[in-house]
Engineer: 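Let me give you the structure first, and then I'll get to my questions.
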Amino acid sequence: MKEVQEFEDSKLGVKGLVDSGISSIPRFFVHPNFKPDPNPGARPDVIPTIDLSGVDRQDARAKIAAQISGACRELGFFQVVNHGIPVEFLDRFVGAVRGFHEQPTEEKAKLYRREPGTGVSFLVMVGHYYPYCPQPDLTVGIASHTDPGALTLLLQDQVGGLQVKFGEQWVDVVPVRGALVVNIGDLLQVMGCA
């Protein structure tokens, strides 16, 4: 716990650790029960990409709705393209998140917060950033989890790294430029909507 507190107090974040030149990750980042999938793989056929163009036309709407319904029920994950948000805007957004995380530590430290109750959050937005890891076989970016809300929209950069459990295997969600990844959260699943 002392090492974790020292890390929190430093306000460096993971990017700061990487910039410091570490060659091994701190103990508190090692997940002792993490066993990398020996056969991870890009299975682009598993995570469907649904084209929303034409959703405003009656003839296409039923087909698109059926694709979304099937993806929700079978996996709870899918990607959407032609959703109406310009690709250039999404590229700038990813650049802004990367730019924030690549600022000097002193600048980011002004905004660093871990304490609960330090402000008000609405329809919450998180900008994760995963820099190079010197020992990726010992840790994970975010541990295996489900999302507790109704719906999560993710915007991946073109580096990728997002995986979804499909049966007993972890499969890559292959980045598609301009696509949003849709994750059906626990709330919708409990309501029986997925």
Side-chain angles (χ1 to χ4, degrees), residues 1-31 34 36-37 40-42 44 47 49 77 79-81 83-149 151-164 170-183 185:
M1 289 306 293
K2 181 180 179 226
E3 289 175 326
V4 172
Q5 190 59 53
E6 288 172 356
F7 174 72
E8 290 292 323
D9 292 344
S10 76
K11 299 184 178 183
L12 286 174
V14 174
K15 177 72 166 74
L17 285 176
V18 171
D19 289 348
S20 74
I22 64 167
S23 59
S24 62
I25 61 175
R27 285 185 316 176
F28 56 87
F29 280 116
V30 175
H31 289 267
F34 174 64
D37 186 338
I47 311 297
T49 299
F77 262 89
Q79 298 192 77
V80 292
V81 294
H83 39 66
I85 303 172
V87 173
E88 296 75 21
F89 173 81
L90 297 175
D91 289 344
R92 286 194 317 268
F93 188 83
V94 168
V97 170
R98 181 178 297 114
F100 169 79
H101 286 284
E102 291 180 354
Q103 290 184 90
T105 301
E106 308 77 50
E107 290 300 312
K108 292 184 294 188
K110 295 174 186 174
L111 303 171
Y112 189 96
R113 301 284 183 277
R114 285 282 193 171
E115 310 85 29
T118 55
V120 178
S121 299
F122 296 98
L123 295 124
V124 173
M125 184 186 81
V126 178
H128 288 292
Y129 179 80
Y130 298 104
Y132 167 79
C133 178
Q135 295 175 296
D137 56 322
L138 295 180
T139 191
V140 292
I142 291 184
S144 173
H145 68 282
T146 61
D147 287 359
L151 195 67
T152 299
L153 296 178
L154 301 164
L155 173 59
Q156 292 194 85
D157 59 15
Q158 296 306 299
V159 175
L162 177 63
Q163 292 188 320
V164 174
W170 287 97
V171 295
D172 296 332
V173 180
V174 179
V176 174
R177 185 166 181 253
L180 296 173
V181 179
V182 180
N183 176 9

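Being a predicted model, the structure only gives us computed values, none of them experimental. Atoms considered below: every heavy atom in the structure, side chains included; atoms not considered: hydrogens, waters and symmetry mates.
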Engineer: For a quick test of your reading: what N or O donor-acceptor pairs under 3.5 Å do the side chains of residues 19-27 make, sequence neighbours left out?
Structural biologist:
unit_1 : atom_1 : unit_2 : atom_2 : d
Asp19  : OD1    : Lys15  : NZ     : 2.8
Asp19  : OD2    : Lys15  : NZ     : 3.0
Ser20  : OG     : Leu17  : O      : 2.6
Arg27  : NE     : Glu3   : OE1    : 3.3
Arg27  : NH2    : Glu3   : OE1    : 3.1

Engineer: Taking Lys2's backbone N and O only, do any of them form a donor-acceptor pair with Gln5's side chain (distance below 3.5 Å, no angle check)?
Structural biologist: no

Engineer: Check whether any side-chain heavy atom of Val174 sits under 4.5 Å from a side-chain heavy atom of Ile47, and report yes or no.
Structural biologist: no

Engineer: Say you draw a straight line from CG of Asp157 to CG of Asp91; how long is it, rounded to the nearest 0.5 Å?
Structural biologist: 10.5 Å

Engineer: Looking only at heavy atoms, which two atoms of Ala179 and Leu155 are closest? And how far apart?
Structural biologist: O-CD1, 3.8 Å

Engineer: Quick one, Leu153 and Val181 - any side-chain contact, counting heavy atoms below 4.5 Å?
Structural biologist: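 SC-SC contact between Leu153 and Val181 ruled out.
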
Engineer: Taking Gln79 for the side chain and Val173 for the main chain, is one N or O donor matched with an acceptor at less than 3.5 Å?
Structural biologist: no

Engineer: Atom CG in Leu162, atom CG in Asp172: separation rounded to 0.5 Å?
Structural biologist: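 That separation rounds to 8.5 Å.
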
Engineer: How many angstroms lie between atom CZ of Arg177 and atom CG of Leu90, to the nearest 0.5 angstrom?
Structural biologist: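 It is 9.0 Å, given to the nearest 0.5 Å.
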
